[in-house]
Structures are given as structure tokens and as C-alpha cells.
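Read through the structure below, which is laid out as C-alpha cells, and then see the notes.
Numbers here simply count residues along the sequence, with the first being 1. No experiment lies behind these values; they were computed from the predicted model shown.
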Amino acid sequence: MAIILDGKALAKKCKETVKKEAESLKRTPGLAVIIVGNNPASRVYVNSKRKDCEECGFLSEEYALPEETTEAELIALIHELNAREDIDGILCQLPLPKGINEEAVLMAIDPEKDVDGFHPMNMGALLIGKDGFLPCTPYGVMEILDEYGIDPKGKQCVVVGRSNIVGKPMAILLLQRHGTVTICHSRTPNLAEICRTADILVAAVGKVNIVTADMIKPGAVVIDVAMNHNDAGKLCGDVDYEAAKEVASAITPVPGGVGPMTRAMLMKNTLLSARKRQD
Ligand code: GUN
């Protein structure tokens, strides 16, 4: 029976630390969150971010723009926020409506305020091991591993999923910590076989039960990044959790694992930005 990696409890602790550290700054950290259109999942995420800002004592501003907003209008708003002294972080909730070029929008955010860590400048910094904002989800995963004393050094790490937001940066962070990293994806033919080599297995695909218990090496650490809904409408990850926890030595639950840590790392990045900008 695996240890349950309690992301929810750790996130609470992280946010308390962020709040305390924010109080020692000359100015309240400020986060601007932009949401375009009516995606219900995005609405839930944005509401949570506002709540997190309140908990951390941050200034939070929400810009809810209509579905028919143009790319030029959105970029104009970002330029305004880039110029604001009191705004330390700018987050544009993804996905954006069709017709808006996501890359152009993310590129418009000042890399110094890119608390999502999605700007090519920050992605590039991550790749070559320079300072920059880390994308919140993989950052949160590393914090969970550290909290529980799980060191990637010398371990076989398998990341399933190759998104820019999670899979790719996750692999880089594990590599930086001296893990031996394999990235798998939807076209990997021998997925089960490769997963079975993992000491640390990170599932970040977005497909219910893509990782089953037989794909887990006994004693492995299993990190489930996904947020899916199963046929019964229940929130679940990529891993067959009930069976997997009998095989793994440690596992993140969904909900209550990586999700809360992603949110906590957004607060941490906003604090780091505010600190850097005041110095
Ligand atoms: N959509 C899903 N996850 C994220 C995230 O971490 N940041 C942003 N901006 N949009 C998202």
C-alpha cells in the first residue's frame, strides 16, 4: 500500500509561507488573470486563482473578456498590464477561443511577468538551466518529490505526455536533478514496457486509465498530473488509482495531489516576481 503524496496539505503550507514572505515586501504582489470566452473549466480555474490570491494577501485583478474578443484587443490589454507597476504577474487562461493565436498572445506577455512560465524566454531559460519562471505544474511536482524526500538522482524517470506546459518541462526538471529521463507519448508503441522501467513515473496525458497497475514497477513513485472526468463524471487522473496504489510505493491522488500544488506555485512565482521587481 503506497504512501499518499498529499499535495493539498503541502499547497496549504506553501501558500502560508508565500503569504508570510509577501508581508515583508514593500508592496503587495499583484496578479492579473485574463479569461476569454465561456469555457466552464477555465472559469473554475480562474475562480480558484482569485481565492488563492486572497489567501496569500495578493492584489488580484480579473479580466473576463467576451468570446468574440480579437487577438489584437487581447494583446493590447496585455501590453497595458505589462506597463503597470502594481502588476507582477500576468496569466492568460488557456485554451483561447478559435481564431486567437495562442503563441502570439503568450509571446506578448513580458517574460518578467510571465508567472505561468510559458514564454519562450522562460522555456529557453529552463532548457539551459538559467533562472526564469518555472511552469507551475512541473514545479509543483518537484516540490512534492522534495517534500517527501524522493530524489530523482540516478533514477529511471518516465514522463508520459509531451505537452509544452507539462511533459516537456517536467522531463527537463527531472533531468536537471540527475534523473535518467524517457519521454513517452500517444505514439509510443511499447508504452507499458517503458513505464515498467520507471522508478518515478509521471502521467500527463489526459486520458482516463492510460496507466494501469501492470505498467507500474513494484515500489515505483507515481505522479498523476491529469484532470479527467470518467464515464460517471467523477474527477480522476490518468492512472488507475485504486489498483496502482497497491503496487506503487508512493502516489499522488486526483484530486488533492498535483492540482493544488500547481495553484500554489503560481502564487510562489507571483511572489518571486514581486520580489525581483522591487529590488
Ligand atoms: N489551462 C490549463 N492549465 C493552465 C495553466 O496552468 N495556465 C494557463 N494559463 N492556462 C491553463
Side-chain angles (χ1 to χ4, degrees), residues 2-7 9-11 13-14 17 111 114-185 188 190-205 210-211 215-226 237-239 244-245 247-253 257-262 264-266 268-269 272:
I3 293 168
I4 309 305
L5 303 170
D6 190 346
L10 180 58
K13 206 163 83 173
C14 289
T17 307
D114 170 40
V115 287
D116 248 338
F118 293 170
H119 191 285
M121 192 88 99
N122 285 311
M123 286 285 176
L126 170 61
L127 192 63
I128 61 172
K130 297 282 174 208
D131 273 352
F133 290 112
L134 298 177
C136 300
T137 298
Y139 190 7
V141 170
M142 297 312 288
E143 294 277 305
I144 292 174
L145 295 178
D146 285 342
E147 172 72 10
Y148 285 88
I150 300 161
D151 185 357
K153 186 173 174 179
K155 304 258 169 64
Q156 294 289 335
C157 305
V158 174
V159 178
V160 189
R162 56 172 157 178
S163 69
N164 289 334
I165 299 182
V166 182
K168 286 184 204 168
M170 184 76 255
I172 301 299
L173 286 173
L174 290 165
L175 185 63
Q176 267 173 11
R177 296 286 297 277
H178 315 294
T180 302
V181 182
T182 304
I183 306 176
C184 301
H185 48 80
T188 302
N190 50 342
L191 180 64
E193 191 186 317
I194 295 173
C195 286
R196 274 194 292 271
T197 67
D199 302 309
I200 299 174
L201 178 61
V202 182
V205 177
I210 189 168
V211 175
M215 295 163 72
I216 298 168
K217 176 158 91 177
V221 172
V222 178
I223 305 288
D224 193 345
V225 170
D238 283 349
V239 178
K245 75 180 189 335
V247 184
S249 64
I251 188 166
T252 58
V258 176
M261 282 305 291
T262 297
M265 293 306 100
L266 177 66
K268 190 163 173 179
N269 276 346
L272 294 175

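In terms of the side-chain contact (heavy atoms from CB on, under 4.5 Å) criterion, residue partners of Asn190 (sequence neighbours excluded) are, by chain and number, Thr188, Glu193, Ile194.
Counting only residues at least two apart or in different chains, salt bridge (charged side-chain N to carboxylate O under 4.0 Å, His left out) contacts with residues 149-165 are absent.
Note: Leu173 CG to Cys157 SG = 11.0 Å, rounded to the nearest 0.5 Å. Here CG of Leu191 is found 5.5 Å from SG of Cys184. Values are rounded to the nearest 0.5 Å. Of the inter-residue distances, the one linking Lys245 atom NZ with Ile3 atom CD1 reads 14.0 Å to the nearest 0.5 angstrom. Between Ile4 atom CD1 and Ile251 atom CD1 the span is 7.0 Å, to the nearest 0.5 Å. Lys268 NZ to Leu272 CG: the interatomic distance, rounded to the nearest 0.5 Å, is 6.5 Å. We find the NZ-CZ distance between Lys217 and Arg196 to be 12.0 Å, quoted to the nearest 0.5 Å.
Looking at Met142 and Leu174, their side chains come closer than 4.5 Å, going by heavy atoms from C-beta outward. For the pair Thr137/Val225, a side-chain contact is recorded, criterion being any heavy-atom separation below 4.5 Å from C-beta on. Counting only heavy atoms from C-beta outward, the side chains of Val221 and Leu5 approach each other to under 4.5 Å. Residues Leu126 and Gln176 meet the side-chain proximity criterion, which asks for heavy atoms closer than 4.5 Å. Side-chain contact between Val160 and Met215: absent, with no pair of heavy atoms (C-beta onward) separated by less than 4.5 Å. Between Tyr139 and Leu266, the closest side-chain pair of non-hydrogen atoms is not below 4.5 Å. Contact check for Pro135 versus Met265: no side-chain heavy atoms found under the 4.5 Å cut-off.
Here the options are Val205, Val239, Asp224, the test is side-chain contact (heavy atoms from CB on, under 4.5 Å), and the partner is Val211; only Val239 passes. Between Asn122 and the choices Asp131, Asp116, Asp114, the side-chain hydrogen bond (donor to acceptor under 3.5 Å, both in side chains) rule is met once, by Asp114.
For Asp238 against Ala226, the heavy-atom pair with the smallest separation is OD1-CB, 3.0 Å. Ile183 and Ala171 make their closest contact through CD1-CB, 3.5 Å (heavy atoms, listed as atom of the first residue, atom of the second, distance). When all heavy atoms of Ser163 and Pro169 are compared, the pair lying nearest together is O-CD, 3.7 Å. The heavy-atom pair separating Cys136 from Asn269 by the smallest distance is SG-ND2, 3.8 Å. Closest heavy-atom contact between Gly219 and Ser249: O-OG, 2.7 Å. Taking each heavy atom of Gly117 and Met123 in turn, the nearest pair found is O-CE, 3.4 Å.
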Problem set entry | Criterion side chain to side chain contact (heavy atoms under 4.5 Å, CB included) on Lys13 and Glu147, from CA distance to verdict | CA-CA 11 Å; Lys13 206 163 83 173; Glu147 172 72 10; 2.8 Å; yes
Problem set entry | Candidate pair Ile165 and Phe118, rule side chain to side chain contact (heavy atoms under 4.5 Å, CB included), full reasoning | CA-CA 7 Å; Ile165 299 182; Phe118 293 170; 3.5 Å; yes
For this session: Check step by step if side chain to side chain contact (heavy atoms under 4.5 Å, CB included) holds for Val166 and Val159.
Result: CA-CA 9 Å; Val166 182; Val159 178; over 6 Å; no
For this session: Could you please spell out the steps behind the side chain to side chain contact (heavy atoms under 4.5 Å, CB included) verdict for Leu145 and Ile223?
Result: CA-CA 9 Å; Leu145 295 178; Ile223 305 288; 3.9 Å; yes
